[in-house]
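In the text below, chain A, chain B and the rest are named by the order of the sequence lines, each starting its count at 1. Remember, predicted model here, so these are calculated numbers, not experimental data.
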Amino acid sequence: MFATAPDGVKLFYDTVPGPRPVLLIHGFAADSAATWVATGWVRALAGRGHMRVDLRGHGHSAPAASGYAPGEQARDVLAVLDTAGLSTVDVVTYSMGGVIGWELARLAPGRIGRMVLGGIGGGPVAAEDLRRVRDALGAAGLDPCIEAMTGARLVGPAACPVLLVAGEADEIAADAADFAATVGAGFVPVPRRTHLTAVSSRVFKEAASAFLTP
Amino acid sequence: MAELTFPLPDLGEGLIGAKVLEWLVAEGDWVERNSPLVEVETTKAAVEIPSPQSGRVRRLHVPEEGELAVGDPLVTFTVDDDQAGIVGTVPAERKPQRRVRLSPPED
C-alpha cells in the first residue's frame with residue numbers, strides 16, 4: 001500500500017492490525033522488508049500488530065531529490081500513520097531510523113507510546129558511515145539523503161520512554177550506552193553482534209518486547 | 001519415525017552462502033513449523049530462518065560461527081513416517097481449509 005508524503009512522494013507501507021501496533025522504521029540504504037521481515041521481527045510482533053514503512057528513496061517508496069532531513073522524514077512517517085488510520089503506536093527503529101523516530105516523537109508526542117532504538121548512539125551521523133553502509137549493502141544513489149542526514153543526532157530530552165539496544169561490536173553505535181545514560185534511557189547490549197547483525201538478534205527482540213507497552 | 005534433512009535455502013540476491021550467527025533451537029527440542037530456527041549472516045544482511053517443519057530437532061549440521069553454502073545440510077528433524085520422502089523441499093504455503101457446516105446440528 002502507498003501513502004503520500006506532504007510533498008507528494010509516494011511512500012510504501014504494509015500493516016497488520018493488532019492490539020498494540022508497533023511502527024517499524026528501517027535504517028539508511030536498507031528497506032522495511034530486509035530490516036523487519038527477513039530478520040524475523042514481523043514474526044516476533046505477531047501478537048501486537050505492526051506497520052512497516054519504506055522511507056523515501058528506499059525500498060518500494062519513490063526516489064526523491066530532497067526532503068530527507070530528519071524532521072521532513074518524520075512528517076513522512078506521520079503521513080503514513082494518518083493514511084493507515086493508526087492513532088497511537090509504539091516504535092522500533094534501526095540505525096538512521098532512530099533519528100527519524102526521535103523526531104517523530106517530538107513532532108507528535110501524544111501518538112507515540114514507547115520507543116526502542118537499535119544500532120544508534122548519540123553522536124552525529126557521519127557521511128562516511130552512511131557511504132560505508134550504502135556500499136556494503138550494494139545500494140546506489142541516495143546522495144541527497146546522505147547530505148541531509150549528515151550531522152543529524154538525537155538531541156535530548158527524549159519525548160517518550162526510550163530504550164537503546166546495540167551490538168557490542170557495532171562501531172557506528174559505540175557510544176550508545178553512554179548516550180542512553182545521559183537521556184535517562186535504558187540500554188541493552190547485544191553480545192558479539194555488529195551493526196549488520198544486531199538487528200535480527202533474539203536479545204534485541206526480547207528487550208523490545210519487554211520494554212514496549214504491555 | 002524417519003529423518004528429514006533441510007538444506008540452507010536460497011536467500012536471494014545471488015548470495016551463495018551464509019554464516020550461522022545463532023541457533024534458536026537445540027538438538028532434542030520440539031519445534032513448530034514457522035517458528036524461529038536459526039539466524040544467519042550473509043555479506044549483506046542478517047536473516048532469521050523459520051523452521052520449515054514441525055518436528056524434533058535431530059541434528060544441527062553447522063556450529064555457530066560456521067559457514068555453509070546454499071544447498072548444504074542445515075538441520076535434520078525426526079518426523080512421523082508419513083512426512084518423510086520430501087527431503088530437500090520446503091512445504092508450500094497453504095491456507096488452512098475450514099469445514100463449514102451448511103445445516104444446523106440437530107438437538
Side-chain angles (χ1 to χ4, degrees), chain A residues 16 24 26-47 52 58-59 92 94-95 118-119 132-140 165-170 172-173 189-209, chain B residues 6-55 57 60 62-70 74-75 90-96:
Chain A
V16 171
L24 300 166
H26 68 79
F28 176 72
D31 61 37
S32 67
T35 307
W36 306 117
V37 181
T39 54
W41 271 92
V42 165
R43 196 162 27 244
L45 294 173
R52 61 181 174 98
H58 294 77
V92 177
Y94 201 69
S95 195
R132 190 144 39 94
V133 168
R134 178 180 64 182
D135 295 345
L137 296 177
V165 180
E168 284 183 344
D170 182 345
I172 291 175
V190 185
R192 302 187 309 279
R193 297 300 178 95
T194 64
H195 195 69
L196 182 74
T197 60
V199 62
S200 63
S201 70
R202 178 154 57 182
V203 171
F204 186 8
K205 291 168 190 151
E206 289 180 350
S209 178
Chain B
F6 289 88
L8 179 68
D10 185 349
L11 299 167
E13 300 199 34
L15 299 165
I16 56 171
K19 182 173 84 174
V20 172
L21 283 168
E22 187 172 337
W23 283 103
L24 304 172
V25 299
E27 291 179 355
D29 284 355
W30 175 267
V31 59
E32 292 291 335
R33 183 172 180 276
N34 271 339
S35 62
L37 177 71
V38 62
E39 272 182 86
V40 302
E41 175 186 0
T42 72
T43 53
K44 287 184 182 175
V47 177
E48 183 186 273
I49 298 175
S51 177
Q53 172 75 39
S54 296
V57 178
L60 308 178
V62 183
E64 292 182 355
E65 305 293 322
E67 299 192 6
L68 73 169
V70 170
L74 179 66
V75 61
V90 177
E93 288 289 345
R94 274 199 300 263
K95 288 189 175 175

Problem set entry | Contacting region of A:Arg202 [heavy-atom separation from chain B under 4.5 Å] | both
Seminar exercise, completed: In short, B:Thr43 meets A:Leu196 closest at the heavy-atom pair O-CD2, 4.3 Å
For this session: Would you kindly say whether A:Ser200 and B:Glu39 are connected by a side-chain donor-acceptor distance under 3.5 Å?
Result: yes
For this session: Measure the OG1-CD distance between A:Thr197 and B:Glu22 for me, rounded to the nearest 0.5 Å.
Result: 10.0 Å
For this session: Could you tell me whether A:Arg193 and B:Glu41 make a salt bridge, using a distance below 4.0 angstrom between a side-chain N and a carboxylate O?
Result: no
Seminar exercise, completed: The interface call for B:Leu11 against chain A, heavy-atom contacts under 4.5 Å, is neither
Exercise. Which bit of A:Ser201 comes within less than 4.5 Å of chain B, counting heavy atoms only: side chain, backbone, both or neither?
Worked result: both
Problem set entry | Least distance between heavy atoms, B:Ala46 atom then A:Thr39 atom | O-CG2, 3.4 Å
Exercise. Around A:Arg43, counting heavy atoms of other residues, nucleotides and ligands shown, do more than 12 lie under 6.0 Å from its CZ?
Worked result: yes
Problem set entry | Nearest heavy atoms of B:Glu48 and A:Gly40, plus distance in Å | OE2-CA, 3.3 Å
